[in-house]
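Scroll down for the structure; my scribbles are underneath it.
Numbering starts at 1 and runs along the sequence shown. Side chains are part of it too, since the values below use all heavy atoms of this structure and drop only hydrogens, waters and symmetry mates.
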Amino acid sequence: MANALGYVSETDTGFEGALAMMNLNAAIRIERNGEKAADGQPDYRIFAGEASTEIGGGWTRKAKSSGREYVSLTLADPQIGPRKIYANLAPVKGKKGRHVILWNTN
């Protein structure tokens, strides 16, 4: 089972939208990491709120079953909670350029 943590729309530099969780409702930007210098570094950096606090990273992955690319996210911030949250960006059917942030609870 997956839970929606928020929605974002594609932009020229990545994605913009909002996290909407029980204890946090914040605007976020998921921007391509123009400073990526090694494979282990994220392909995207995630920023939240008006102060643009960095709260995580995103890595481009390829699904084993379909071969489609997607973005795997890791979110970590005291406002989110004591543990990291792992999620994926998934396209919203019928809404071009719109994606849902899905947290896998399994």
Side-chain angles (χ1 to χ4, degrees):
M1 181 176 177
N3 292 324
L5 299 177
Y7 291 88
V8 294
S9 296
E10 290 182 31
T11 67
D12 291 338
T13 60
F15 304 88
E16 280 189 22
L19 280 178
M21 301 164 55
M22 286 177 40
N23 61 338
L24 177 67
N25 190 348
I28 62 166
R29 288 187 341 272
I30 303 170
E31 295 183 355
R32 284 186 199 92
N33 184 1
E35 298 175 6
K36 180 175 176 165
D39 286 340
Q41 294 178 339
D43 297 302
Y44 293 89
R45 296 172 66 196
I46 305 169
F47 301 94
E50 291 180 22
S52 292
T53 303
E54 189 166 358
I55 63 166
W59 289 262
T60 302
R61 303 281 189 237
K62 191 172 277 199
K64 291 179 185 176
S65 59
S66 68
R68 292 185 185 146
E69 283 193 350
Y70 66 96
V71 180
S72 173
L73 305 174
T74 300
L75 304 169
D77 187 80
Q79 290 185 56
I80 292 173
R83 298 184 181 181
K84 292 180 182 177
I85 292 178
Y86 300 98
N88 296 322
L89 281 183
V92 175
K93 288 185 179 185
K95 304 250 180 170
K96 185 177 170 91
R98 189 87 167 138
H99 293 74
V100 60
I101 301 169
L102 292 175
W103 172 30
N104 190 348
T105 58
N106 289 335

Rounding to 0.5 Å, atoms NZ (K84) and CG (L75) come to a distance of 10.5 Å
For residues 5-17, the salt bridge (Lys or Arg N to Asp or Glu O under 4.0 Å) pairs (sequence neighbours left out) are none
**Prompt:** Is it true that atom OH of Y7 has more than 12 heavy atoms of other residues, nucleotides or ligands lying nearer than 6.0 Å?
**Reply:** no
| Below 4.5 Å, heavy atoms only, C-beta onward: do T11 and I30 meet side chain to side chain? | no
Other residues, nucleotides and ligands only: do more than 12 of their heavy atoms fall within 6.0 Å of NZ on K95?
no
Should K36 and D43 count as an ion pair when the cut-off is N to O under 4.0 Å? yes
One should read off an interatomic distance between R61 CZ and E69 CD, to the nearest 0.5 angstrom, of 11.0 Å
OH of Y70 to NZ of K62, rounded to nearest 0.5 Å, is 11.5 Å
Closest heavy-atom pair, G57 versus P42, reported as atoms and distance to 0.1 Å, is CA-CB, 4.1 Å
- Item | Short side-chain to backbone donor-acceptor contact, N88 and L102, under 3.5 Å | no
| Would you call I28 and I101 a side-chain contact if the rule is heavy atoms closer than 4.5 Å? | yes
d(D39 CG, W59 CH2) to nearest 0.5 Å is 12.5 Å
Residues I55 and A48: closest non-hydrogen pair is CD1-CB, 3.8 Å
Is the distance between the ring centroids of F15 and H99 under 6.0 Å?
yes
Does the side-chain hydrogen bond (donor to acceptor under 3.5 Å, both in side chains) test come out yes or no for R32 and T13, once each step is laid out?
CA-CA 6 Å; R32 284 186 199 92; T13 60; 5.8 Å; no
field: Single-linkage hydrophobic cluster W103~V8, side-chain heavy atoms < 4.5 angstrom
entry: yes
Rounded to the nearest 0.5 Å, the OH atom of Y44 sits from the CG atom of L73 at a distance of 10.0 Å
Output for pair (L89 CG, T60 OG1), nearest 0.5 Å, gives 9.5 Å
